[in-house]
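Quantities reported herein were computed from a predicted structural model and do not represent experimental measurements.
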Amino acid sequence: MKLGDFYYKIKNRIQEFWSFKIFRYAIVLHGIYFIISLVLTLTVFRYQNDFRVYFRVGEVFINDIRGLYDPLNFMGMWPFRYFPLSGLLFVPFYLLGFEIGYVIFNIINVLLNLLICIVLYKIIILIRGKNHEEEENRVLLYISLYLISIPQVFNYILGQINLYVTLLILISLYLFLKYNNNKWNFIASFILGISVNIKPITLFLIPFLIMINFDREEKKIKIESFKSLIRLSGFILPVLLNIIMFLIYPELLEGFLNVNITGEETILKNHSFSITKLIQNLLVFIGFSQTQLQSFQLPIFIIILLIFAGTGFLIYFIRRFNNYSLIFGYTFGILIMLLGYFDSWDHHLLILTPLLIIMIFNFPRNSNITKKFIKPSFFFLSFLDLVFMGIWFIIQDYFPFNFVSTIFLLLIFYGVSKYCLTKDSINQ
């Protein structure tokens, strides 16, 4: 497709969306979010945002790439935790200067959100269950709810890069669901691999790309080895580009591992809702020293990951269906990272909630799993999660546990697991 044709197709789709009143209201409110974020970040939160870290990364990438993970380069800021290649993304914004760079960065985020809405719409139409309404009102309602969800404000104020990841995830998922040939499998997995370079939150999607399933009726394992290899190759190829940088600059590998797994930053008490962080906060609360906690942090992290990654992949392996199964594989992969990694924040939810919307339309219209687990979790994570983060800051000295969001993530994990194991899911 030519670039001009693509532009007009996107333009026409946006015009179609605009004809729905709820979508117009959502766009207006989203625009208010954008304006508020610009004002707050350039005034009140000028030195308390993640874009400041990215801006610094762009500078270090140009002038001192060996110091990309050096804490001295990020004094008074969060450390840089992503793969070194992602630093290249922030160079243009550094060259523009902080103010202009931040404004352009968030304008791009707005455009990314519009593209996310279009791809999300296309996926829903593709996978929507037969007993759902054919009209588009309900589809546009949920897309609008995504646009006005509170994590959007948080994402803009912080100047975060979650929307890049969300768009790449949805594009890759759409390609996987729509096409079944080797070429598109490679392209889709390659796009997903790029998302890891931008933010490693998608790293645990790797095992769910393997086309393997245990057929409980026939009592045998079914695997498409060649297609699985193509998927894994496409995913790993962009990530391997970082190996070149690690080989050229060995100190980058040491810094990357230290800042993500064994460093002091990972044991700080904070409002992360991951299970690993809740356990760490508990140990701090009952009197463990920083030195003691550093010796425990890696085993805790590995145990939690093994529990959820092992459970998620086992359930996916014995699932009772193959049709659109990657929707649930993607969801498992993101949930594993959110529950297991040290720092899982509210703005990360923008990567998860579109997948919840997709599941709502893929599940039967009257599904009890949707009513009990998916819908309540979607609305809580979209509109109430930030309230409990605020409460955490008020009571952290007495009760340093931001656990309510964790409960809803566990409900989603349980709901997806139950659906994968339910006989009725075969008929979807």
key: For Phe90, the option from Tyr54, Tyr102, Phe98, Phe51 that meets ring-ring contact (aromatic ring centres under 6.0 Å, His included)   = Tyr54
ask   = With distance as the sole test, does Lys372 use its side chain to make a donor-acceptor pair with the main-chain N or O of Gly415 at under 3.5 Å?
value = no
key: Donor-acceptor under 3.5 Å (Asn73 side chain, Val60 main chain)   = no
request  = Write down the atom of Arg24, the atom of Ser19, and the distance for their closest heavy-atom approach.
outcome  = NH1-O, 3.4 Å
query = Donor-acceptor pair, Lys277 side chain versus Leu268 backbone, under 3.5 Å?
reply = yes
ask   = Phe383 and Ser149: which non-hydrogen atoms are nearest, and at how many Å?
value = CE2-CA, 3.7 Å
ask   = Hey, is the main chain of Gly340 close enough, under 3.5 Å, to the side chain of Ser274 for a donor-acceptor pair?
value = no
message = How about CG on Leu111, more than 12 heavy atoms from neighbouring residues, nucleotides or ligands closer than 6.0 Å, or not?
response = yes
inquiry  = Would the distance check show the side chain of His132 and the main-chain N or O of Phe361 forming a donor-acceptor pair, the cut-off being under 3.5 Å?
reply    = yes
message = Test: side-chain hydrogen bond (donor to acceptor under 3.5 Å, both in side chains). Region: residues 328-340. Which pairs qualify, not counting sequence neighbours?
response = Ser172-Tyr330
message = Below 30° counts as parallel, above 60° as perpendicular, anything between as tilted: where do the rings of Phe413 and Phe308 land?
response = perpendicular
key: Any donor-acceptor N or O pair under 3.5 Å, side chains Arg231, Asn185   = yes
message = Treating Thr406 as the side-chain partner and Phe273 as the backbone partner, does any N or O pair qualify as donor plus acceptor under 3.5 Å?
response = yes
query = Does a donor on one side chain and an acceptor on the other come within less than 3.5 Å for Asn113 and Tyr33?
reply = no
note = Minimal heavy-atom distance between Ile125 and Arg128, with the atoms involved, is CD1-NH2, 3.6 Å
message = Does Lys122 have more than 12 heavy atoms from other residues, nucleotides or ligands lying within 6.0 Å of its NZ?
response = no
ask   = Do Asn155 side-chain atoms and His347 backbone N/O form a donor-acceptor pair below 3.5 Å?
value = no
query = Should the heavy atoms of other residues, nucleotides or ligands under 6.0 Å from CZ of Phe393 be counted, would the total exceed 12?
reply = yes
task = For the pair Asn63 (side chain) and Glu59 (backbone), establish whether a donor and an acceptor sit closer than 3.5 Å, ignoring hydrogens and angles.
result = yes
key: Short side-chain to backbone donor-acceptor contact, Asp50 and Leu158, under 3.5 Å   = no
request  = For a ring-ring contact (aromatic ring centres under 6.0 Å, His included) with Phe55, tell me which candidate from Phe93, Phe61, Tyr94, Phe105 qualifies.
outcome  = Tyr94
task = May I ask you to say whether Arg365 pairs ionically with Glu133, meaning some side-chain N is under 4.0 Å from a carboxylate O?
result = yes
task = Report the relative orientation of the aromatic rings in Phe401 and Phe285; use parallel for angles under 30°, tilted for 30 to 60°, perpendicular for over 60°.
result = perpendicular
Over-ring placement of Arg319 relative to Tyr316, 6.0 Å and 45° cut-offs = yes
note = Sequence neighbours excluded, the answer for ring-ring contact (aromatic ring centres under 6.0 Å, His included) partners of Phe388 is Phe380
key: Over all atoms of both residues, closest heavy-atom pair of Phe83 and Phe256   = CE2-CZ, 3.6 Å
request  = State whether a side-chain donor-acceptor pair under 3.5 Å links Ser195 with Thr202.
outcome  = yes
Test item: Asp385 side-chain N/O and Asp346 main-chain N/O as donor-acceptor pair under 3.5 Å = no
